[in-house]
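Right, one structure below, let's go through it.
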Amino acid sequence: MLKIYNTLARDKQEFVPMVTGRVGMYVCGMTVYDYCHIGHARVLVVFDIVYRWLKASGYEVNYVRNITDIDDKIIKRAAENGESIHDLTARFIAAMHEDADALGVLRPDHEPRATQFVPEMLDMIAQLEANGLAYRAPDGDVNFAVRKFPGYGKLSGKSLEDLRAGERVEVADNKNDPLDFVLWKHAKEQEAGEVKWDSRWGKGRPGWHIECSAMGSKLLGNHFDIHGGGADLQFPHHENEIAQSEGAMLHEQGGGCTFVNYWIHNGFVNVDKEKMSKSLGNFFTIRDVLQKYDAEVLRFFILRAHYRSPLNYSDAHLDDAKGALTRLYTALKSAPAVAQAVDWGGPHAARFRAAMDDDFNTPEAVAALFELANEVNRSQSAEAAAQLKSLAGVLGLLQREPAEFLQGSAGAGGLDDAGINAQIEARIAAKNAKNYAEADRIRKELLDAGIVLEDTPQGTTWRRA
RNA sequence: GGCGAGAUAGCAAAAUGGUUAUGCAGCGGAUUGCAAAUCCGCCUAUCCCAGUUCGAUUCUGGGUCUCGCCUCCA
């Protein structure tokens with residue numbers, strides 16, 4: 001039985017879908033004005049695991065991950081670059097897909113873009129206005145009236161009084177309450193035509209929060225099972241989504257309606273114990289990291305920590321993850337696995353399943369993989385190897401040929417496979433002539449070039465250190 | 001200031017009211033021409049102070065420290 005830590009309840013709860021056997025899941029994706037960094041990689045991988053585990057558990061999952069392709073930062077960046085919004089977002093959507101694919105992240109069932117759902121957003125804003133929860137501000141914006149929505153703050157555990165006491169909330173002239181947020185931004189003179197949509201409130205564009213409410217409802221219904229995202233979205237973004245969606249539903253159900261049953265939030269990636277973020281400038285893009293590390297190492301690094309814990313990023317930690325993943329692939333190299341479905345009856349699989357059912361405890365599930373690898377090494381059993389590969393496959397790991405992972409690819413100026421094999425042949429000749437000094441010299445030379453040789457009963461193999 | 005999360009061995013990171021986490025690193029042995037890999041064994045833990053308990057790293061209270069949210073952010 002799957003248990004999920006529900007932010008709304010601040011506790012682990014048994015997962016019960018609204019419709020037996022089916023799950024509707026929405027995750028807040030990227031705002032596409034730049035390359036994804038490691039923090040984004042974590043959201044992608046974490047919810048990929050949620051998606052995979054739900055499917056492995058037999059659910060038919062409808063996974064929606066949105067793309068924010070219109071907002072202030074995008075408009076600003078497009079202007080700086082002297083390119084259209086469309087060209088900018090198209091480039092970074094393609095880049096995001098490249099990065100996600102490299103990390104072994106499955107494509108969601110739907111990837112709605114904000115600009116494709118403006119009519120749905122306008123309908124929802126109109127409904128909020130009809131329900132007395134939205135008002136036209138003097139400057140032409142349409143705002144959500146936070147005070148009119150009972151229960152505002154239930155997700156983040158904040159009361160309006162607490163929030164108001166916070167000195168960091170800036171007072172805006174056009175809002176009735178400093179905490180009110182924008183549903184519809186009126187168009188500015190200098191803005192390009194492609195960021196202006198017609199509406200009954202005049203030309204303008206949607207506020208940030210409304211897109212997720214509108215797209216979630218459109219694709220998954222007004223009430224669905226799971227909504228996820230980074231911990232920083234808990235407030236205000238997700239709090240505001242609840243206010244919008246539940247506020248818009250008031251007329252239909254006479255109050256008491258629920259937008260989402262389970263809210264899941266992943267922890268941050270830190271650098272030197274500080275949150276990795278654009279504003280702090282302490283971020284590494286996924287593609288930067290992939291210059292130096294295998295994408296599967298990055299994925300594995302993310303899965304070795306629980307999704308709600310902070311994850312400190314550093315080269316040393318990635319080196320550590322690489323060493324650990326090498327152990328798993330080495331086991332599969334010694335005992336090649338045949339394709340086979342997971343046998344859930346085995347002890348390691350049982351431990352793995354219990355771990356994943358306990359709020360997606362991937363570190364514990366990975367520990368089960370290592371115990372299985374130990375068994376593979378001891379028994380050299382094809383069945384055990386098949387079980388290791390299929391179980392790891394549930395996490396999107398260990399699906400490549402071991403040699404491909406272990407040997408990697410030659411870096412610039414490094415030895416290519418032909419050069420390595422020529423050296424190995426020369427060393428074998430020296431060994432056969434009992435010229436161990438020469439054999440060791442060659443091995444040392446290769447080692448200095450980052451190539452580790454391993455003499456086995458089946459011959460000499462190599463891997464990159 | 002308000003609200004919340006966390007402090008586990010050299011590093012990373014799970015779990016648990018009493019019984020081996022796991023990986024990397026280190027040490028000893030087996031194996032090897034020597035290595036590497038692998039196997040066997042070992043080593044190093046539960047922030048501090050009280051309380052509950054036969055027994056607490058685990059529960060309760062207090063303290064210290066760290067981090068996050070309260071503004072765009074995955």
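Below, read A as the first sequence line, B as the second, and so on, with proteins coming before strands; counting in each chain starts at 1. The basis for the numbers below is simple: all heavy atoms, side chains too, and nothing from hydrogens, waters or symmetry mates.
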Notebook entry, point to check: Less than 4.5 Å apart, any side-chain heavy atom of A/Ile302 and any of A/Tyr307?
Noted result: no
N/O to N/O distances under 3.5 Å, protein versus nucleotides 36-40 of chain B:
| unit_1 | atom_1 | unit_2 | atom_2 | d |
| --- | --- | --- | --- | --- |
| B/A36 | O2' | A/Glu454 | OE2 | 3.1 |
| B/A36 | O2' | A/Arg463 | NH2 | 3.2 |
| B/A37 | O4' | A/Glu454 | OE2 | 3.4 |
| B/U38 | OP1 | A/Arg327 | NH1 | 3.3 |
| B/U38 | O3' | A/Asn377 | ND2 | 3.1 |
| B/C39 | OP1 | A/Arg327 | NH2 | 3.2 |
| B/C39 | OP1 | A/Asn374 | ND2 | 2.8 |
| B/C39 | OP1 | A/Asn377 | ND2 | 3.2 |
| B/C39 | OP2 | A/Arg327 | NH1 | 3.4 |
| B/C40 | OP1 | A/Arg378 | NE | 3.4 |

Check: Atom CZ of A/Arg299 and atom P of B/G23: how far apart are they, to the nearest Å?
Finding: 21 Å
Check: Would you say the side chains of A/Asn374 and A/Arg378 form a donor-acceptor pair under 3.5 Å?
Finding: yes
Notebook entry, point to check: When you check the side-chain N and O atoms of A/Tyr152 and A/Asn240, is any donor under 3.5 Å from an acceptor?
Noted result: yes
Check: Within the structure shown, what part of the strands sits under 4.0 Å from A/Ser309 by heavy-atom distance: base, sugar-phosphate, or nothing?
Finding: sugar-phosphate
Note to self: Is A/Tyr436 stacked against the base of B/G33, taking the criterion as centroid distance under 5.5 angstrom and interplanar angle under 30°?
What the structure shows: yes
Checklist line | Side chains of A/Asp343 and A/Gln387, donor plus acceptor under 3.5 Å | finding: no
Margin query: Within the 4.0 Å heavy-atom criterion, would you say A/Gly39 contacts the bases, only the backbone, or no part of the nucleic acid?
Written below: base
Item checked: Spacing of A/Arg77 atom CZ relative to B/C72 atom P, expressed in whole Å -> 18 Å
Margin query: Roughly how many Å apart are B/U8 and B/A45, using the C1' atom of each and rounding to a whole number?
Written below: 5 Å
Checklist line | Distance, rounded to the nearest Å, where A/His265 contributes NE2 and B/A5 contributes P | finding: 15 Å
Notebook entry, point to check: With a 4.0 Å cut-off, would you call A/Asp294 and A/Arg400 a salt bridge?
Noted result: yes
Margin query: How many whole angstroms separate atom CG of A/Asn266 from atom P of B/G68?
Written below: 15 Å
Next item on the list: Return the residues of residues 382-401 of chain A meeting this criterion: a heavy atom under 4.0 Å from some atom of RNA chain B. Order them by number, or give none.
Entry: none
Next item on the list: Go through the side-chain N and O atoms of A/Ser381 and A/Glu375 and say whether any donor and acceptor fall under 3.5 Å apart.
Entry: no
Margin query: For A/Phe235, does the six-membered ring have the charged nitrogen or CZ of A/Lys158 within the cation-pi criterion, i.e. under 6.0 angstrom from the centroid and within 45° of the normal?
Written below: yes
Notebook entry, point to check: Taking the C1' atom of each, how far is B/U46 from B/C11, in whole Å?
Noted result: 16 Å
Checklist line | Near-ring test A/His209/A/His238, centroid separation under 6.0 angstrom | finding: no
Next item on the list: For A/Asp71, answer base if it contacts any base atom (sugar-phosphate contacts may also be present), sugar-phosphate if it contacts only those atoms, and nothing otherwise; contact means non-hydrogen atoms under 4.0 Å.
Entry: nothing
Next item on the list: Indicate whether any N or O donor in one side chain lies under 3.5 Å from an N or O acceptor in the other, for A/Ser159 and A/Asp162.
Entry: yes
Next item on the list: Go through B/C72, B/G23, B/G68 for me and flag the one nearest to the A/Arg304 side chain.
Entry: B/G23
Note to self: Using the C1' atom as the point on both nucleotides, what is the distance between B/U20 and B/C40, in whole Å?
What the structure shows: 15 Å
Note to self: At 4.0 Å (heavy atoms only), tell me whether A/Arg427 reaches a base, stays on the sugar-phosphate, or touches nothing.
What the structure shows: base
Check: Does the cation-pi check pass for A/Arg205 over A/Trp184, that is, NZ or CZ under 6.0 Å from the six-membered ring centre and within 45° of its axis?
Finding: no
Next item on the list: Quick one: label A/Ala367 by what it contacts on the DNA or RNA (base, sugar-phosphate, nothing), any heavy atom closer than 4.0 Å.
Entry: base
Checklist line | Residue A/Arg443, side-chain heavy atoms: nucleotide from B/C69, B/A35, B/A14 that is nearest | finding: B/A35
Next item on the list: Using a 4.0 Å heavy-atom cut-off across all strands, classify A/Glu371 as base, sugar-phosphate, or nothing.
Entry: sugar-phosphate
Notebook entry, point to check: Counting side-chain heavy atoms from CB outward, which of B/A21, B/G68, B/G23 is closest to A/Ala324?
Noted result: B/G23
Next item on the list: Pick base, sugar-phosphate or nothing for A/Val269, based on heavy-atom distances below 4.0 Å to the nucleic acid.
Entry: base
Note to self: Counting only side-chain nitrogens and oxygens, does A/Lys275 get under 4.0 Å of the OP1 or OP2 atom of B/C69?
What the structure shows: yes
Next item on the list: Name the nucleic acid region contacted by A/Lys431, choosing base, sugar-phosphate or nothing; use a 4.0 angstrom heavy-atom cut-off, strictly under.
Entry: base
Checklist line | Gap in Å between the two C1' atoms, one belonging to B/G41 and one to B/U57, rounded | finding: 26 Å
Next item on the list: Hunt down any stem RNA chain B takes part in, defined as 3 or more consecutive Watson-Crick or G-U pairs whose two distances are each under 3.5 Å.
Entry: B:1-7 with B:64-70, B:10-12 with B:22-24, B:26-30 with B:38-42, B:47-51 with B:59-63
Next item on the list: Can you check whether any acceptor in the base of B/G68 is under 3.5 Å from a donor in the side chain of A/Asp232, or vice versa?
Entry: no
Next item on the list: Taking the side chain as every heavy atom from C-beta outward, state whether A/Arg299 and A/Asp48 have any pair of such atoms under 4.5 Å apart.
Entry: yes
Check: In whole Å, what is the span from the NZ atom of A/Lys273 to the P atom of B/A7?
Finding: 11 Å
Next item on the list: In whole angstrom, give me the gap between the P atoms of B/C27 and B/C69.
Entry: 42 Å
Checklist line | Residue whose closest nucleotide on RNA chain B lies nearer the 5' end, A/Asp320 versus A/Arg351 | finding: A/Arg351
Check: Among side-chain atoms of A/Ser314 and A/His317, is any donor-acceptor pair under 3.5 angstrom?
Finding: yes
Checklist line | First of A/Met276 and A/Phe235 reached from the 5' end of RNA chain B, by closest nucleotide | finding: A/Phe235
Item checked: Rounded P spacing from B/A9 to B/A21 in Å -> 13 Å
Notebook entry, point to check: Contact class for A/Ala231 (heavy atom, under 4.0 Å): base, sugar-phosphate, or nothing?
Noted result: nothing
Next item on the list: Rounded to whole angstrom, note down the P distance from B/U58 over to B/A15.
Entry: 15 Å
Note to self: Applying a 4.0 Å non-hydrogen cut-off, can you work out what A/Gly267 is touching in the nucleic acid: base, sugar-phosphate, or nothing?
What the structure shows: base
Notebook entry, point to check: Taking the six-membered ring of A/Tyr5 as reference, does the NZ or CZ atom of A/Lys12 fall below 6.0 Å from its centre and within a 45° cone about the axis?
Noted result: no
Next item on the list: For this output row, return yes or no: ring centroids of A/Tyr262 and A/Phe15 closer than 6.0 angstrom.
Entry: yes
Notebook entry, point to check: With a 4.0 Å cut-off on heavy atoms, is A/His237 in touch with a base, just the backbone sugar-phosphate, or nothing at all?
Noted result: nothing
Note to self: Just the rounded figure in Å: distance from P of B/G4 to CG of A/Leu8.
What the structure shows: 15 Å
Notebook entry, point to check: Between B/U66 atom P and A/Leu311 atom CG, what is the distance in whole Å?
Noted result: 21 Å
Item checked: Between A/Asn174 and A/Asp139: side-chain donor-acceptor atoms closer than 3.5 Å -> yes
Notebook entry, point to check: Does A/Arg42 make a side-chain donor-acceptor contact with the base of B/A74, cut-off 3.5 Å?
Noted result: no
Notebook entry, point to check: What interatomic distance, in whole Å, is found between C1' of B/G29 and the corresponding atom of B/U66?
Noted result: 42 Å
Notebook entry, point to check: Rounding to a whole Å, what distance do you find between A/Tyr26:OH and B/A74:C1'?
Noted result: 14 Å
